[in-house]
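Everything quoted here is computed from the prediction, not taken from an experiment. One-based numbering, in listed order, for ligands and for the atoms of each.
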Amino acid sequence: MSNRTLPKDFFFGAAMSGPQTEGAYQATGKLPNLWDLASDLDITKFHNRVGSYAGNDFTHRRDEDIAIFRDLGLTSVRTSFQWSRLMDADGRLNPEGARYYHELLAAFRAAGIDLFVNLYHFDMPAYLFRRGGWENREVVEAYANFARTAFAEFGQEVTHWFTFNEPIVEPQQRYTNAVWYPYHADFAQARRVQYGITLAHGLATQAFRQLQAAGTVRSDARIGLINCFTPPYTREDPSEADLEAVRVVDGIDNRWWLDLVTKGELPADILADLEHGGYDLGVRPGDAQIIAQGPVDWLGFNYYHPARVQAPSRTTDEHGNPVFAEEYVWPGAVMNESRGWEIYPKGIYDFAMTMHDDYPDLEWFVSENGIGIEGEAAGKVDGVIQDDYRIDFVRDHLNWVSKAIEDGARCRGYHYWAVIDNWSWNNAFKNRYGFVEVDLEHDYARHYKKSADWLRRVTTTHEIFQS
Ligand code: BGP
């Protein structure tokens with residue numbers, strides 16, 4: 001069988017974020033963000049006690065990394081501007097932080113790489129978190145001010161903006177699963193945070209449209225949202241209760257954002273459920289108008305794993321939180337044991353078909369996809385990591401992307417998460433995602449892994465090679 005291909009204008013790139021790469025955490029007048037705060041408070045929560053401070057040393061290796069992206073045939077890269085670097089504690093532009101990002105944009109431009117800019121990657125300035133974070137309207141307004149300031153300052157330079165990366169993840173990781181600071185398990189709080197982020201997105205999108213109409217933002221610029229949509233599955237012969245579990249999980253994690261960015265609404269069934277359960281989102285008069293500003297120009301889809309759920313065996317958990325679903329362990333699951341995530345390449349196709357059927361007007365791209373493996377440096381041959389599993393993973397996902405496009409999906413490109421290894425939140429450098437190794441024993445030196453050569457062949461030919 002011949003190899004599948006991707007369209008000529010399909011783009012390949014890399015995804016990364018400011019807080020996971022930049023380091024330089026006290027340079028350019030940067031304020032502490034939530035990760036710096038969590039690292040200061042309890043470093044033992046981080047794998048091998050590696051906190052947020054150094055990223056992957058990108059700031060010092062910027063030009064080297066850009067040369068790597070170019071050499072690998074990538075034409076776009078997404079990162080985030082750190083709120084804590086761009087703004088000062090009075091909510092004004094920090095000129096040194098602005099210079100940092102102007103230089104960053106110029107360096108990518110000089111290399112012919114389009115830098116996509118995301119405005120929030122789980123990295124609230126610590127002082128705003130102390131004021132109540134996303135549950136406080138003043139903080140929602142502060143984010144809108146930050147977004148407006150960024151659009152005004154960089155409006156002529158950036159063509160691809162995103163308001164948020166994975167807005168569902170802070171409600172999950174910080175306020176439900178208790179794995180990220182402040183380590184809470186509180187369903188009601190998680191929903192209030194989700195609602196605050198939703199309003200922040202609406203206000204930022206509104207500011208973008210206003211500044212574009214005024215000519216401050218370039219006319220060809222687009223605004224988008226990126227989320228980790230998890231295609232939901234249940235048992236093959238589901239009960240009514242299993243399907244109900246799918247409805248709720250899909251509603252909170254996926255449809256909430258899809259309805260926001262296509263219709264400027266939130267899913268009525270989920271709002272009704274929350275009201276029925278007595279959960280107060282703190283809705284105020286005028287919020288519907290903010291949410292109505294939510295529609296975007298295109299969408300980013302981060303895909304790592306599907307969601308498999310079934311009817312729960314209990315209605316509340318040990319914290320008193322409601323339980324709508326529990327995990328369904330699919331007997332056929334193939335796992336990435338390092339991360340505990342199922343590898344299911346067809347999920348990318350199933351999501352593409354959901355978009356095609358339910359949200360047909362929206363263009364999108366795969367904004368993250370990747371595999372993080374622990375201990376891979378142990379198996380080097382002649383100094384090179386032998387990561388054939390990474391080739392298998394990306395190839396299998398790209399094959400489904402190619403099939404989806406053939407079947408009408410409006411998918412325009414693919415960004416791999418962490419082309420160069422980077423710092424992964426509480427896991428720090430435990431699981432490595434890169435096609436390029438970051439050698440922590442030797443001052444963050446970069447080395448190509450075996451898979452890099454395969455990636456270059458795919459990006460430059462658009463043919464999905466077997467190996
Ligand atoms: C996504 C995030 C990234 C990245 C990636 C890998 O959810 O947008 O920031 O970290 O997942 O996950 P992890 O780092 O938890 O292994």
Next item on the list: For ligand 1, would you mind listing the residues that have at least one heavy atom less than 4.0 Å away, ordered by chain and number?
Entry: Q20, H121, N165, E166, Y304, R339, W341, E368, W417, S424, W425, Y433
Note to self: Would R174 pass as a cation-pi partner of Y181, given that its NZ or CZ must be under 6.0 Å from the six-membered ring centre and within 45 degrees of the axis?
What the structure shows: no
Notebook entry, point to check: Of the options R446, K449, H447, which is the one that meets V436 in a side-chain contact (heavy atoms from CB on, under 4.5 Å)?
Noted result: R446
Next item on the list: Just jot down the side chain to side chain contact (heavy atoms under 4.5 Å, CB included) partners of Q386, sequence neighbours excluded, or say none.
Entry: V381, V384, D388, K450
Item checked: All salt bridge (charged side-chain N to carboxylate O under 4.0 Å, His left out) counterparts of R4, not counting sequence neighbours -> E406
Checklist line | Residues that E103 engages under side chain to side chain contact (heavy atoms under 4.5 Å, CB included), provided they are two or more places apart | finding: R62, R99
Next item on the list: Go through the steps for R255 and E265 under the test salt bridge (charged side-chain N to carboxylate O under 4.0 Å, His left out), then give the verdict.
Entry: CA-CA 10 Å; R255 287 186 289 115; E265 291 170 4; over 6 Å; no
